[in-house]
Amino acid sequence: MKKLNAKQLREMWINFFKEKGHAYIPSASLVPENDPSVLFTTAGMHPLVPYLLGEKHPCGKRLVDIQKCVRTGDIDEVGDDYHCTFFEMLGNWSLGDYFKEEKIPWSFEFLTSPKYLDIPKEQLAVTVFAGDETAPRDEVSFNAWRKCGIPEDKIFFLPKEHNWWILASGVGPCGPDSEMFIDTGKPKCSDSCNPSCSCGKYIEIGNDVYMEFVKKTKDGKAEPNPQKNVDTGFGFDRLLYISNGLESVYDSEIFMPIIKKTEELSGINYKQSNETKRNMRIIADHIRASVFIICDGVTPLNVGQGYVLRRLLRRAINCASRLGFEGSKLAELVQVVVDIYKETYPELEEKKNFIKETILQESDKFSKTLQQGIKEFEKVSNYCKDGKLSGKTAFRLYDTFGFPFELTKELATEKGLIVNEEEYEEAYKLHQEKSKANNDKVFKGGLADTGEQTTRLHTAAHLLQAGLKALISSDIHQKGSNITAERLRFDFNCDHKITDEEKKKLEDFVNDAIKKDIPVVCEELSLEEAKKQGAVGIFDNKYGEKVKVYTIGNVSKEICGGPHAKRTGELKNFKIVKEESSSAGVRRIKAIINF
């Protein structure tokens, strides 16, 4: 297996697919644009959903990228050898172009060719879809892998729970996949041992998803997708540590500098104990994730993306406390993360001071939270009977005061009390279930919902931004948006609350454009030409060489991926229902149409 550094691996991936006719597109933001189905971009396909559903991409039908992602579903596993909350996904895409027969030999070539990863084919194992009532057994993929030289006993047919891919929202493009694994050489855990086991014999390194289907509603059936797509995802962090023969992702060049700095801050050796190692890994992971999340415009809050960020930072601060240093010192790790990634993501260098300040402010807030929690603990501990502290009380300290359960246990031990951990876990699980149910209610729809109302609201957001620039300030820029079938939410920089008079003028501006029934015209231009024409766009570094520009008469001209109405008259009527603060210097407007 070829040893590669991070830069070499990035370049190898991009160049491999460029040679096969793919256009390189930069990473999109971690905060999904106009997609309320998830809080963060959790997979490389998220920013490309409109194109997977048939929208024409300005860079063509073959794309390659390296997409930033955040997933917190396995947050409790962070600290082991390979789980991370932030990661990069190496991706390539066929938008209705090639399919299984072409893609599988390419995956095999990248994995095994001496020119690329040079993994001995004897170390590879793959899985394919076993088939069910939705789609048949994937004999095409099976035969393609066999033709490449993978022996039949290393090709495993697995059911939908293992070899079917769809977004976490349960809607959108979907289909069978074929996953690729390294066989570590460990003995089988049983006669039925296969890559779906968790015994450690097989480590997943890549996945080809064949999006032959689409689900329009969460409870609906998967229907054939008129456009058959391929979505390939290889975990960058995982490939890096495997190709270098390391024990874990945390031993690679993208984590060790953070861990070395943490050793310096704590005065403790990383390998002193398993507990020390775990705490330093959590700090390294959570601070790296936080740096990227803050850079993409999120600040700590008690809801949404801000809640996830707050949780990451407070877990890191708690780990720092266990290692004997103040949480505020975690801000010193920001520069280390920036130095590791600034060549690939130069925006980190530009925003590093803001990122540091955000972490320092959250550390200060958490310090006050801990003080409140300690006072409350002292109160409730005086009423404990039989030397026991109930799990419900421990959970209330966590839920109401943000007081970490680990600290409750430590303080309880000092007072000779035993905490009912089972009761705490029950209360915690119930809280998670309620939170998930609430999220399902709040975050319904998304880009996968490309119905007429969502499409119209997307167009209304363009008119609203044009109105804000024309009537409030030409310096106003979009800071984020979230669109469902019911309403649009638009965040923008502004130094004052929008007055009732200004809201009325904004409504009149948008409704005037609607009454004129202006055509919405789409053009594919180079980024340079789009800028020359005065097109509005945010995060320029996210765009490829070609972009889609949507023009609405002389009212609006924006770089955007769509989808949009064909004429403004389709919007019927526009009404602002709420205006509020989103964060410091950022206002939020919620609006509806056709009411």
Side-chain angles (χ1 to χ4, degrees), residues 16-17 20 43-45 52 62 90-113 116-166 173-186 188-199 201-215 222-225 227-235 238-239 242:
F16 178 85
F17 285 101
K20 291 177 170 28
M45 70 174 286
L52 295 167
R62 297 185 177 194
L90 304 173
N92 73 271
W93 312 85
S94 167
L95 305 176
D97 189 358
Y98 56 82
F99 208 49
K100 300 176 185 178
E101 295 91 336
E102 287 176 272
K103 182 61 191 65
I104 286 174
W106 289 349
S107 293
F108 182 78
E109 180 186 1
F110 184 77
L111 290 168
T112 63
S113 168
Y116 300 105
L117 292 185
D118 197 20
I119 299 172
K121 68 179 180 181
E122 295 77 22
Q123 290 185 20
L124 288 180
V126 299
T127 62
V128 294
F129 182 52
D132 63 9
E133 68 282 356
T134 304
R137 178 178 164 105
D138 193 355
E139 296 287 352
V140 175
S141 293
F142 174 82
N143 289 325
W145 283 116
R146 188 170 58 177
K147 191 174 180 181
C148 287
I150 302 292
E152 290 188 21
D153 63 353
K154 286 292 191 78
I155 307 173
F156 299 85
F157 283 96
L158 295 179
K160 185 173 279 182
E161 63 179 296
H162 299 294
N163 277 79
W164 186 274
W165 212 98
I166 189 168
C174 58
D177 63 20
S178 183
E179 300 180 3
M180 291 143 267
F181 297 79
I182 292 286
D183 184 342
T184 63
K186 293 180 180 178
K188 290 184 176 182
C189 63
S190 67
D191 290 341
S192 60
C193 183
N194 65 61
S196 69
C197 293
S198 56
C199 68
K201 178 174 175 59
Y202 300 98
I203 299 176
E204 184 185 350
I205 53 174
N207 189 8
D208 287 338
V209 182
Y210 309 114
M211 295 180 178
E212 304 176 61
F213 299 88
V214 62
K215 277 189 72 176
E223 302 171 9
N225 191 350
Q227 176 179 290
K228 287 182 168 58
N229 309 296
V230 177
D231 159 14
T232 296
F234 279 68
R238 195 169 291 189
L239 272 186
I242 289 173

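Remark: the Lys160 side chain and the Thr134 side chain contain an N/O donor-acceptor pair separated by less than 3.5 Å.
Lys201 places a side-chain N or O within donor-acceptor distance of the main-chain N or O of Lys186, the cut-off being under 3.5 Å. Under the 3.5 Å distance criterion, the side-chain polar atoms of Asn163 are matched with a main-chain donor or acceptor of Asp177.
In this structure, Asp132 and Pro159 have side chains that are not in contact, with every pair of non-hydrogen atoms separated by 4.5 Å or more. Side chains of Met180 and Trp145 form a contact here, defined as non-hydrogen atoms less than 4.5 Å apart.
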Check against side-chain hydrogen bond (donor to acceptor under 3.5 Å, both in side chains), Ser178 and Asp208: CA-CA 5 Å; Ser178 183; Asp208 287 338; 5.8 Å; no

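To the nearest 0.5 Å, atom CZ of residue Phe129 and atom OH of residue Tyr210 are 13.5 Å apart. Within the model, atoms CG of Leu52 and CG of Asn225 stand 8.0 Å from one another, a figure rounded to the nearest 0.5 Å.
Looking at Glu109 and Lys20, a side-chain N of the basic residue comes within less than 4.0 Å of a carboxylate O on the acidic one, giving a salt bridge. Salt bridge status for Lys147 with Glu101: absent, with no side-chain N to carboxylate O gap under 4.0 Å.
When each of Ser196, Cys197, Pro195 is checked for a side chain to side chain contact (heavy atoms under 4.5 Å, CB included) with Cys193, only Cys197 meets the rule. Under the side chain to side chain contact (heavy atoms under 4.5 Å, CB included) rule, Ile242 has a single partner from Leu117, Ile182, Ile119, Thr184, which is Ile182.
Ring pair Phe213/Trp164 is tilted by interplanar angle, where 30° to 60° counts as tilted.
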